[in-house]
Each structure stands twice: as C-alpha cells, then as structure tokens.
Engineer: 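The structure is given below, and queries will be raised subsequently.
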Amino acid sequence: MVGDDGVPELPEVETTRRGVAPHVSGRTITGVTVREHRLRQPIPAELPRILLGQRLLGVRRRAKYLLFDFRTGTLIVHLGMSGSLRIVSTNTPSQLHDHVDLEFDRGQSLRLRDPRRFGLMLWTTEEPAHHPLLANLGPEPWDPAFNSSYLCDLAKPRTGAVKNFLMDSHVVVGVGNIYASESLHRAGIHPSRPARRISSARYGTLIEAVREVLDAAITFGGTTLRDFIHEDGKPGYFRNELRVYDRAGKPCLQCGDTDIRSRVIGQRMSYFCPHCQR
DNA sequence: CAACGGACCTGCCTGC
DNA sequence: TGCAGGCAGGTCCGTT
C-alpha cells in the first residue's frame, strides 16, 4: 500500500518546495537542532555552526533534491523514501523521527521528519550542480533536451525493459516507480518492452505522457499546499488520480474491459494493462 | 558499459 | 494476541 505515508517522488518534492519556500525564503537562521544525524549519509556535525545567522536566499529543486541557497553555500536535502518537511512553530514539541529543525526568525522552524532515514542533508560550498550526487543526473523532464531523438540515441544499447530505462536518473530525473507505471500506461507502451525496441515517435508520446502525469501531480499537490503549515496535514499525493499503480485486478480505466496486471520488473512492482500497452 | 543484486531503514500488513 | 516475516520504496555501490 502506498499513499498513506506517500513516497516523495518529483511532484511531492516540488510541492514541498512551493509549500515551504514562502515561509523561509529571506529569513535568517536563529538555531539548528539535529536530534539524529544518521541519515543515508551523516548530517555534517558542523552544520549548526555553518548555518547560524545566515539568511536563506531561496529554495531550488534539481531532480528530487531540494537546494537551500545561502551566501556561503547550499544545503542539499533529499527526502529519500519517507522524508517530509514541514513548517512548525519553533516551540512545537518534536515527535519520533523529527530529526532536524532549522529555526528561523519570526518563530517558525523548518522540520525534517524521516522515519526510514533514507534521506540526506548535506552542505556544499561549490555549485550544487557540480556536487557528485548531482553532477551525473539526466535532464529535467521539462528540459527541451529531453526529447525523442535524445531518448532514441540513449536507448540504442539498452536491451533492458523500458521501465528501468525511464527510471534511470542518468536518462531523465524524477520518474520514480509510481510515475513510471503511470506514464507508460498513458503512452500505451508495455513496461517490459526492451528500450531499444521503441520507435522515436513512441518515445515522443512517452515524453508527453511523463510531463502530463508529473504536471498533473504537481497541480494536484498544489491544491493542498496549506497542509505544510499544519501538524497533521499531508500533501496531496495524487493517490486518487493514479490509473494503474496499485490497481492490480481492477479494470483498466482506458479500455474498461481488461484488468490491470502487476508484475515485478527490475525488482520493482509494475502495473500495466496488457490490452492497452504493447 | 549495461544489467543486476545487495545494502540501507522502518512502518505496515499478513499469516501463523 | 503476539510475534516473525515479507514488502515497499530511492539511490548508491559492487559485481558480473
């Protein structure tokens, strides 16, 4: 089951960015509390010293990374599988798995919660695009460089399933397991089809489908932005808009008379309509 | 180089 | 009821 806790894919990360940025951009850090530093990589011990007194210039996103820009460097945050950011009053008691508070002036804190600790919080003084974690990423889904001839070229040596190809962050960023299934369904492409066996035209359709699904999910998330400043709120995770994901055995919403099937591809559960997707 | 498997971690669900 | 076990997911890393 997904959705109740919601894995942060690109739309969730972008929704988070839009949700928190207005509350913290331009504000000055008055305190940093790290209760648990053991994330995917340890949170740098010197982070509180570095951030204290600095003004947050703005919040950017690259792939699923959130980039908090300061004068002397950038805080790189990844939400992993279970991470979330929320704006809370600075005196709000922390709960289990609330690992970090960035306290800002005006009494508001940015709180990182990450039960599974697959997330990241790192500091870099270089341009974040050059950071090892970001340096080899493919284009954003909306980048004009992400086009059918680009995909076709990259696919030539790829004998594996197109779903794995699409989820490869060196190819394009931000297409996780859920949206890979959704995009391929909308494009009518079978997830197991070898990447090299797909025409340029069909890749064009797939690119449009990827953008469509991600755009819709971001728009959907935007309708619940208010949740970022509430204790118990959850951003909209597009749950009810999903057409195939986690719908095994239920009728395809496209053709109506075939049941959605599920199958493990590349160690990930995948969902598709055997009638609509070839 | 592509492809694959393992590792990381916890909450939730299932089945005994 | 309690507990063990499986599963989910993004990303990196090591091996084939």
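This is a predicted model, so every value here is computed, not measured. Because only heavy atoms are used, hydrogens play no part in the values below, and waters and symmetry mates are left out as well, while side chains stay in. The chains referred to below are lettered A, B, ... by the order of the sequence lines, with proteins before strands, and numbering in each begins at 1.
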Engineer: If I take atom CG in residue A:L134 and atom P in nucleotide C:dT11, what distance separates them, rounded to the nearest angstrom?
Structural biologist: 11 Å

Engineer: A:Q95 has an atom CD; how far is it from atom P of B:dT10, in whole Å?
Structural biologist: 17 Å

Engineer: Assuming nearest nucleotide by heavy-atom distance, tell me which of A:L96 and A:R158 is located more 5' along DNA chain B.
Structural biologist: A:R158

Engineer: Considering every strand and a 4.0 Å limit on heavy-atom distances, what is the contact class for A:L79: base, sugar-phosphate, or nothing?
Structural biologist: nothing

Engineer: Just checking A:H275: does its NE2 atom have more than 12 heavy atoms from other residues, nucleotides or ligands closer to it than 6.0 angstrom?
Structural biologist: no

Engineer: With hydrogens left out and only the distance checked, is there a donor-acceptor pair under 3.5 Å joining A:R268's side chain and the base of C:dG10?
Structural biologist: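 Counting by modelled atom types and ignoring angles, a donor-acceptor contact under 3.5 Å is found here.
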
Engineer: Within this structure, what is the CD1-to-P distance between A:I76 and C:dG10, rounded to whole angstrom?
Structural biologist: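 Distance check: A:I76 CD1 to C:dG10 P gives 20 Å.
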
Engineer: Would you classify A:E9 as touching base, sugar-phosphate or nothing, given that sugar-phosphate means primed atoms plus P, OP1 and OP2, and contacts are heavy atoms under 4.0 Å?
Structural biologist: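 Sugar-phosphate: the residue A:E9, judged by heavy atoms under 4.0 Å, touches backbone atoms but no base.
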
Engineer: Under 4.0 Å, heavy atoms only, any strand: does A:F165 hit a base, just the sugar-phosphate, or nothing?
Structural biologist: nothing

Engineer: Whole Å only: how far is the NE2 atom of A:H99 from the C1' atom of B:dC9?
Structural biologist: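 Those two atoms, NE2 and C1', are 10 Å apart.
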
Engineer: Go through the side-chain N and O atoms of A:R196 and A:T159 and say whether any donor and acceptor fall under 3.5 Å apart.
Structural biologist: no

Engineer: For DNA chain B, whose closest nucleotide is more 5', that of A:D114 or that of A:G160?
Structural biologist: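 It is A:G160, whose closest nucleotide lies nearer the 5' terminus.
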
Engineer: A:S169 near the nucleic acid: base, sugar-phosphate alone, or nothing, with a heavy-atom cut-off under 4.0 Å?
Structural biologist: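 If one applies the 4.0 Å heavy-atom cut-off, A:S169 turns out to touch nothing in the nucleic acid.
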
Engineer: So, A:T30 versus A:D105: side-chain donor-acceptor pair below 3.5 Å or not?
Structural biologist: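 The answer is no; no qualifying pair exists.
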
Engineer: What is the distance, to the nearest angstrom, from the CG atom on A:N164 to the P atom on C:dT11?
Structural biologist: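 Roughly 14 Å, once rounded to whole Å.
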
Engineer: Less than 4.0 angstrom between a side-chain N/O of A:H97 and OP1 or OP2 of B:dT10, yes or no?
Structural biologist: no

Engineer: Please determine if A:E140 and A:R61 form a salt bridge, counting it only when a charged side-chain N lies under 4.0 Å from a carboxylate O.
Structural biologist: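 The answer is yes: the pair qualifies as a salt bridge.
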
Engineer: What's the CG-P distance between A:L120 and C:dT11, to the nearest Å?
Structural biologist: 10 Å

Engineer: To the nearest Å, how far apart are A:R62 CZ and C:dG10 P?
Structural biologist: 17 Å

Engineer: Donor-acceptor check, side chain of A:S199 to backbone of A:R202, threshold 3.5 angstrom: yes or no?
Structural biologist: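 At least one qualifying donor-acceptor pair exists.
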
Engineer: Just N and O in the side chain of A:R117: are any of them under 4.0 Å from OP1 or OP2 of B:dT10?
Structural biologist: yes

Engineer: So is the aromatic ring of A:F118 stacked onto the base of C:dT11, judging by whether the centres are under 5.5 Å apart and the planes are under 30° apart?
Structural biologist: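 Per 5.5 Å and 30° rule: no stacking.
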
Engineer: Taking 4.0 Å as the cut-off, does a side-chain nitrogen or oxygen of A:S82 come that near to OP1 or OP2 on B:dC9?
Structural biologist: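 Checking A:S82 against B:dC9: no side-chain N or O falls below 4.0 Å of OP1 or OP2.
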
